[in-house]
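Each chain gets a letter, A, B and so on, in the order its sequence line appears, and its residues count up from 1.
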Number of protein chains: 2
Amino acid sequence: MKTADDMGTDGGPSEPEILDARKAAILNAVVTEYISSAQPVGSQHLVDAPGVAVSSATVRSDMAALEREGYLTQPHTSAGRVPTDKGYRFFVDHLAGPAMLDPVGRQQVRRFFAHAHGEIESMLERTSGLLADLTDCTAMVVGPSHESTPIRSIQLVGLAPRVALLVVVLADGSVRKQSVELAADTDDERLAEAARVLTVHCLGRPVAQVDGECGTTGDPDTDGVLAACAGALATLGSEEGAEQLFVGGSSRMAAAFDAVDTVRSVLTILEQQLVVVTLLRDVLDRGLSVAIGSEHGVEPLASCALVVMPISVDGAEAGTIGLLGPTRMNYPQALAAARVVGDRLSSHLSEVGR
Amino acid sequence: MKTADDMGTDGGPSEPEILDARKAAILNAVVTEYISSAQPVGSQHLVDAPGVAVSSATVRSDMAALEREGYLTQPHTSAGRVPTDKGYRFFVDHLAGPAMLDPVGRQQVRRFFAHAHGEIESMLERTSGLLADLTDCTAMVVGPSHESTPIRSIQLVGLAPRVALLVVVLADGSVRKQSVELAADTDDERLAEAARVLTVHCLGRPVAQVDGECGTTGDPDTDGVLAACAGALATLGSEEGAEQLFVGGSSRMAAAFDAVDTVRSVLTILEQQLVVVTLLRDVLDRGLSVAIGSEHGVEPLASCALVVMPISVDGAEAGTIGLLGPTRMNYPQALAAARVVGDRLSSHLSEVGR
DNA sequence: GGCGAGCACTCGGTAGGATGGAGTGCCAGC
DNA sequence: GCTGGCACTCCATCCTACCGAGTGCTCGCC
């Protein structure tokens with residue numbers, strides 16, 4: 001399995017990246033067929049494929065060549081061929097044309113966004129469900145990180161004589177809250193006064209950049225409240241950058257594999273928010289929109305492929321869409337769904353914000 | 001499978017609920033053994049069990065009786081016996097003593113609550129992970145419904161010239177938000193004024209009970225803002241009662257069954273928040289803390305059992321804990337974990353609020 | 001009357017062997 | 001360079017036999 005040796009985007013190696021037309025057609029047919037049947041495909045099934053038009057013997061010799069070059073593999077002698085990760089990669093990069101979503105799916109997306117409402121979190125949550133429905137994959141939606149979103153407003157609401165709730169509204173409409181223990185009984189007047197001072201002091205800065213002290217008033221009681229709030233803000237700041245993750249349709253992983261062990265290990269990964277978010281980020285940072293099998297480097301997901309798509313609001317990156325399926329997932333469909341939903345979601349979120 | 005005919009709690013039927021001591025011991029041993037081995041258990045394996053002390057032939061005749069009475073069943077002739085739902089029920093009600101959490105688990109719980117911090121949502125989320133770790137089941141934690149939690153404060157924060165964010169803080173410290181489209185450009189002054197009117201008008205009432213109109217000021221611009229907010233409040237009100245659900249450790253369902261189909265159907269249920277929340281509520285309303293197999297009436301979960309435990313804050317019900325596992329789950333352990341975590345969580349949440 | 005030893009019986013799981021078929025690699029010939 | 005033909009491989013399936021775990025039943029014993 002040394003297929004992932006140097007698959008860089010440079011195209012430098014002496015081996016030509018582009019296969020001879022017929023071999024490409026054969027690879028294409030193998031991948032397509034295997035994606036839909038999940039069965040190793042033999043030479044006989046390929047003679048009718050477009051672009052092939054040779055006898056099965058010739059197909060066999062081409063397939064043997066494709067296997068030598070690492071695009072195909074055999075589960076065992078005298079079985080058909082199955083694509084390798086490299087085979088899928090070539091398919092995704094050179095063979096799969098830019099697909100459209102099927103009409104039913106398009107209709108579904110249109111209806112979804114026509115009735116879209118509510119706040120961003122529930123929007124993202126429901127989007128993950130939509131994507132799972134469209135692609136039969138597990139869908140992941142990562143919300144914006146807010147790491148550098150400036151504070152728009154700070155309020156303090158008294159909950160009990162010595163407990164207040166610090167409510168921070170960020171410029172994009174997201175809300176953070178943190179309860180604050182106060183040293184002394186404090187009435188609403190004083191809380192409002194403290195909130196005013198805090199707002200002036202913090203306005204326009206992201207939460208993580210608010211430093212320890214939060215201004216003074218000269219009044220010792222109010223200053224006590226402010227000090228307590230500084231601690232709460234620090235807590236919020238340290239949580240900042242922890243993007244929200246919404247996973248939809250994880251049950252589809254159970255349909256994708258028949259080994260229950262595989263299902264378990266994949267689900268275990270999906271439960272680890274940090275791992276998933278990092279994985280998506282990592283793939284995106286490498287400039288990929290598809291990561292196949294070993295390419296993403298998460299061992300328990302070796303038999304999975306990942307499709308990622310950034311979400312942007314007003315040009316700024318504001319989240320990520322991810323689709324997880326078996327390596328024999330329907331790439332064109334998944335890419336089309338991710339693109340369409342990503343675009344619609346991006347423009348939907350941009351619209352709401354103005 | 002007519003085992004669930006009349007299992008009411010009345011105890012009315014002529015058949016005595018209590019089994020003869022040896023049969024009870026045998027049932028106990030079968031359940032215990034089957035829980036730990038997942039294999040049908042035969043008469044030979046039971047002769048050494050405490051309270052049995054008879055030959056395997058006698059055990060066999062007792063087992064045959066237990067099967068006639070519906071407590072046991074055979075996968076096929078000449079296999080050992082497996083408990084039925086009724087068998088598990090008897091085990092839970094009469095045989096399983098009140099168990100303690102094992103020391104390792106107790107330690108884990110102690111550490112968890114010692115370092116507990118953050119807001120209620122993340123607290124509940126992490127609690128679901130803790131419970132899954134403790135019991136090897138899938139854990140569900142349902143937050144409070146807020147249906148009747150009074151409004152403590154309402155604020156309006158301008159996000160764009162014609163968009164404001166309505167931020168509603170409830171008396172228990174939870175926060176609702178909803179963006180509001182405004183008909184005209186509105187400055188912060190006017191928003192603050194509208195928020196003041198709104199707060200006065202809504203204070204102390206739950207969101208769902210805020211009626212259409214939200215007061216007037218005489219000033220047409222402010223009244224326009226108020227009208228827009230009334231719509232937003234209605235939206236929030238209609239979402240009220242939709243409790244938050246946190247599911248942890250769903251990957252454990254893949255380890256619990258070896259039929260991948262079962263795993264898929266169970267996971268599909270777990271993805272439907274409303275179904276899960278309703279299920280937990282339903283079981284709790286029937287006064288049960290354990291629902292086994294067919295007892296809970298959700299067909300795809302027929303091979304699962306459910307342990308539920310209410311969470312209360314200051315005496316008022318404030319959520320639910322649920323554990324989902326195969327019917328051969330470790331009931332004593334699950335009950336102990338649910339009880340301990342539920343108690344600790346209840347008192348933790350009560351403490352924070354004062 | 002309840003209990004236990006003995007016995008015949010059942011049936012799932014496993015191992016061995018035969019068979020068929022899908023698929024391959026190779027080669028000679030067009 | 002492609003194709004038809006051929007020998008070969010190996011999985012999947014089926015059948016059979018067989019072992020063993022487990023049962024139900026009966027009869028004798030205390």
Novice: Which residues in residues 22-47 of chain A have a heavy atom closer than 4.0 Å to any atom of DNA chain C?
Specialist: A/Gly42, A/Ser43, A/His45
Novice: Whole angstrom is fine here: how far is it from CZ in A/Arg68 over to C1' in C/dT24?
Specialist: 13 Å
Novice: Taking side chain to side chain donor-acceptor pair (under 3.5 Å) as the test, write out the residues that go with B/Gln107, two or more places apart.
Specialist: B/Arg110
Novice: Scan residues 19-31 of chain B for pairs that pass salt bridge (charged side-chain N to carboxylate O under 4.0 Å, His left out), counting only residues two or more places apart or in two chains.
Specialist: B/Arg22-B/Asp62, B/Lys23-B/Glu69
Novice: Check the phosphate of D/dC2 against A/Ser55, side-chain N and O only, distance under 4.0 Å to OP1 or OP2. Yes or no?
Specialist: no
Novice: Output all residues satisfying salt bridge (charged side-chain N to carboxylate O under 4.0 Å, His left out) with B/Arg252, sequence neighbours left out; order by chain, then residue number.
Specialist: B/Asp133, B/Asp136
Novice: Atom CG of A/Asp62 and atom P of C/dG23: how far apart are they, to the nearest Å?
Specialist: 17 Å
Novice: What pairs meet the salt bridge (charged side-chain N to carboxylate O under 4.0 Å, His left out) rule with one or both residues in residues 51-61 of chain B, with sequence neighbours excluded?
Specialist: none
Novice: List every contact pair, protein side and nucleotides 9-12 of chain D side both N or O, where the distance is under 3.5 Å.
Specialist:
residue: D/dT9; atom: O2; partner: A/Ser78; partner atom: OG; Å: 3.1
residue: D/dC10; atom: O4'; partner: A/Ser78; partner atom: OG; Å: 3.3

Novice: With B/Arg106, which residues qualify under salt bridge (charged side-chain N to carboxylate O under 4.0 Å, His left out), at least two apart?
Specialist: none
Novice: A/Glu271 side chain to B/Ser251 main-chain N or O, any donor-acceptor pair under 3.5 Å?
Specialist: yes
Novice: Going by the rule side chain to side chain donor-acceptor pair (under 3.5 Å), which residues pair with A/Ser55 if we only count those two or more places apart in sequence or in a different chain?
Specialist: A/Thr58
Novice: Taking the side chain as C-beta and beyond, is there a heavy-atom pair between A/Phe257 and A/Ser303 under 4.5 Å?
Specialist: yes
Novice: Produce the list of close N/O pairs, under 3.5 Å, pairing protein atoms with atoms of nucleotides 26-30 of chain C; give distances to one decimal.
Specialist:
none

Novice: The side chain of A/Gln74 lies closest to which of these nucleotides: D/dT23, C/dC3, C/dT24?
Specialist: C/dT24
Novice: Identify each donor-acceptor pair in which a side-chain atom of residues 331-338 of chain A lies under 3.5 Å from a protein atom, sequence neighbours left out, and give them as a table.
Specialist:
residue: A/Tyr331; atom: OH; partner: A/Thr327; partner atom: O; Å: 2.6
residue: A/Gln333; atom: NE2; partner: A/Leu134; partner atom: O; Å: 3.3

Novice: Taking salt bridge (charged side-chain N to carboxylate O under 4.0 Å, His left out) as the definition, give me every residue that meets it alongside A/Asp282, ordered by chain and number, with sequence neighbours left out.
Specialist: A/Arg286
Novice: Using the salt bridge (charged side-chain N to carboxylate O under 4.0 Å, His left out) criterion, which residues pair with B/Asp258? Sequence neighbours excluded.
Specialist: none
Novice: Can you measure B/Leu72 atom CG to D/dG22 atom P for me and round it to whole angstrom units?
Specialist: 14 Å
Novice: Take the protein atom CE of B/Met63 and the nucleotide atom C1' of D/dG24, then report the distance between them rounded to whole Å.
Specialist: 13 Å
